[in-house]
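Predicted model, so just to flag it, every value in this text is computed and none were measured.
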Amino acid sequence: MNAAGRAGGELSWRGIVLGALITLVFTASNVYLGLKIGLTIASSIPAAVISMAVLRMLGRSTVLENNMVQTQASAAGTLSCVFAAVPALVMVGYWRNFPYWQTMLISLAGGMTGVLFTIPLRRALVTRSALPYPEGVACAEILHASSPEGDAASVRALASGGVIAALMTLAGGGLRLFSDGIGAVASLGNAVFRIHGSFSLALFGTGYLVGIGGGLAMLFGVAIGWGVAVPWLTALTDHAGATPQALATAVWLHKVRFLGAGTIAVAAVATLLSLMGPVASGLKEALSARHRATAGDSDRDLPPVAILAIGAVLTLTLAALFALFLHPALPFGAGMAVPVLLGLVACVALGFLVAAACGYMAGIVGSSSSPISGIGIIAIVLLSLAMLGLEALHLLPPAFAAQDQKLAIAFGLFVLTALTASAAISNDNLQDLKTGQLVGASPWRQELALLIGCVVGAVVIPPVLNLLYQAYGFVGTLPRPGMDATRALAAPQPALMAAIAEGILVRGLDWPMILIGAALGLGLVALDRIARRFGFAVPPLAVGMGIYLPSDISVTIAFGAVVSWLVLRGRKQGEGGIGTMLASGFIVGESLMGVALAAVSGAAGRSDALALPVAPGLATLLGGAAFLGVALWFARMLRQSRKDDFGGKENPLRRCDV
């Protein structure tokens, strides 16, 4: 590579290395955050800011080189969304940990198929489309308009938030000087009421990024779940000597979560149906267009031969992974043909349709608002029903029809992992390609950077998953006896996917609660449409998440959203963008410290290796004081901010809703 390629070129070696380093940070952060609260942070904007600062110090940086770094890091950060499926294999007892090669290759193959699916969609959905792509446009404007001074201020804000959150997490999760949060339980007759809030700065920062609409919608979900459903169901439940807190938690875990699942599923389907016409139109254009490379780099994709070759390798890789996954229970041979073919059809045919739908939704409402969780629910339902149908036709091996259906459940979840990776990547990649179009990037180089990002992200995911599981465990699934169950990661999405697969295949799904949740979802969809006529919004998906997630998550997110709104109200849209970097710093700092503490716990063999003897009451007092102090500091920083860091555009850095 020539000198121009090494320094200041579009796809440079230093850019690839920098993108890989940023990828390590955001992939680890997103896996931790996703397992903790079920949400992830979009990595494009902070990656672009960090890239601009670092490459400017190295000299001869360009907008195109910065764009390639954020493209690579964005792909890897998005690939972490496999956390929504693969941990379910541990939860159902099929895996005892996360085998490196299987976890890495299924994430890699799924992510790369998502990249390939976006290539034939690019011209129809990006180049020739009037879709707004809000986050892609915002990222392009940042790349164009950011000044050296702005970069420095943004990096300082990101670093400040990260250091503060890391120290808070060390004091709380490591030294145990601070408690996790504060809560209250009350009883009225046999009915139990419970509310809980967390001292997590990552959740507080997420509230800023989600915004007042999403935050209040989640709080509404908490009111439905913990203020209505839990008291009603506990009043009808035999307490049998259980403490009120334990009873409320058990009822929420085994009943109310399915209410939220039904609401989430209906909200996701409603979104898909509302976009069915545009998706079909975009697909028709994509499939009928001639996608031949043009003379200029500005509209040239990867060569068709390369696409076909990579696609063939990925198909063979997926087939081999499915066969090896089944091998402990099934001998190699013809008996594997039908389930392996089912997995391939799901990943290729269903995967392409999901990619088109996700890509189009990303173009309309942004990557953040696309209901990946809902699409995962639909996918696992279809996979489970397909296996039931094949079983009824006696087309599946006898091992699939075993009484506990363990193999069928696990196989469906393994296939879902590839589908989730593909959907998440497709959802994000078209935003990156839109950014590239606006800054004059070469599509084929971006597509290559996306593939590189998938490789780097896939390499990091398995060890991070193992670290977190061994250190904290998941709610309901602990790797060792005697672990502190109160510090287990909620892992909401994989728990839901496992429950749905088990419920359908074992024919034990709590359909009454699912159907009540579905009816509630229909009502919320109608309420949202009515409210929008009056300038308000009640996002049904956010309400469903508020019901489904633990109350401390939703309450703290809502608190962050309300604090930010109170400080920023009256300012024009987008003002106070420094808060975006501070909030991102909170999320990244807490996540990375969480991963580091997991490594310490894994090395020591116990989760309280650094714990100091502090009375619970004092720990709650100290944690609450520190949390409120940081919240006040954050509010002050927002109020003092006079510069719109993002050019007056809507806040482009938001959660990736999985």
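Rounding to the nearest 0.5 Å places CG of Leu324 at 11.0 Å from CD1 of Ile106. Expressed to the nearest 0.5 Å, how far CD1 of Ile16 lies from CE of Met68 amounts to 10.0 Å. Rounding to the nearest 0.5 Å gives a distance of 11.0 Å between CG of Leu582 and CG of Leu201.
Residues Leu419 and Gly351 come closest through the heavy atom pair CD2-CA, 3.7 Å. Closest approach of Ala84 to Thr420, counting heavy atoms only: CB-CG2, 4.3 Å. Between Gly343 and Phe322, the shortest heavy-atom distance links the atoms C-CE1, 3.5 Å. The two residues Val69 and Gly15 make their nearest non-hydrogen contact at CG2-O, 3.5 Å. The two residues Ser426 and Ser422 make their nearest non-hydrogen contact at OG-O, 2.8 Å. Closest of all the heavy-atom pairs between Ala346 and Leu383 is CB-CD2, 3.8 Å.
For the pair Glu590 (side chain) and Ala202 (backbone), a donor-acceptor distance under 3.5 Å is present. Checking side-chain atoms of Thr103 against main-chain N and O of Tyr100 turns up no donor-acceptor pair under 3.5 Å. Here the side chain of Thr118 pairs a donor or acceptor atom with the backbone of Val115 at under 3.5 angstrom. At least one donor-acceptor pair closer than 3.5 Å links the side chain of Gln446 to the backbone N or O of Asp432.
Between Phe98 and Pro87 the shortest side-chain heavy-atom distance falls below 4.5 Å. Counting only heavy atoms from C-beta outward, the side chains of Val340 and Leu318 never approach each other to under 4.5 Å. Contact of the Thr27 side chain with the Tyr32 side chain is not registered, since no non-hydrogen atoms from C-beta on lie closer than 4.5 Å. Put simply, the side chain of Phe414 reaches to within 4.5 Å of the side chain of Leu321, judged on heavy atoms. The closest side-chain heavy-atom distance from Ile310 to Leu116 is below 4.5 Å. Here the side chains of Gln70 and Thr435 are in contact, with some heavy-atom distance below 4.5 Å. Side-chain contact between Thr417 and Phe83 is absent, with no heavy-atom pair separated by less than 4.5 Å. Counting heavy atoms from C-beta on, the side chains of Val345 and Leu350 never come closer than 4.5 Å.
Using cut-offs of 30° and 60° for the angle between ring planes, the Phe411 and Phe325 rings count as tilted.
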Run the side-chain contact (heavy atoms from CB on, under 4.5 Å) test on Ser107 and Val86 for me, step by step, so that the C-alpha distance in whole Å, both residues' side-chain angles and the decisive distance to 0.1 Å come before the verdict. CA-CA 9 Å; Ser107 303; Val86 70; 5.9 Å; no
I would like to know whether Cys454 and Ile425 meet side-chain contact (heavy atoms from CB on, under 4.5 Å); could you show each step before the answer? CA-CA 9 Å; Cys454 288; Ile425 288 289; 4.0 Å; yes
From CA spacing to verdict: side-chain contact (heavy atoms from CB on, under 4.5 Å), Leu35, Tyr469: CA-CA 10 Å; Leu35 290 173; Tyr469 176 58; over 6 Å; no
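Across Met112, Gln72, Met104, a single residue satisfies side chain to side chain contact (heavy atoms under 4.5 Å, CB included) together with Val455, and that is Met112.
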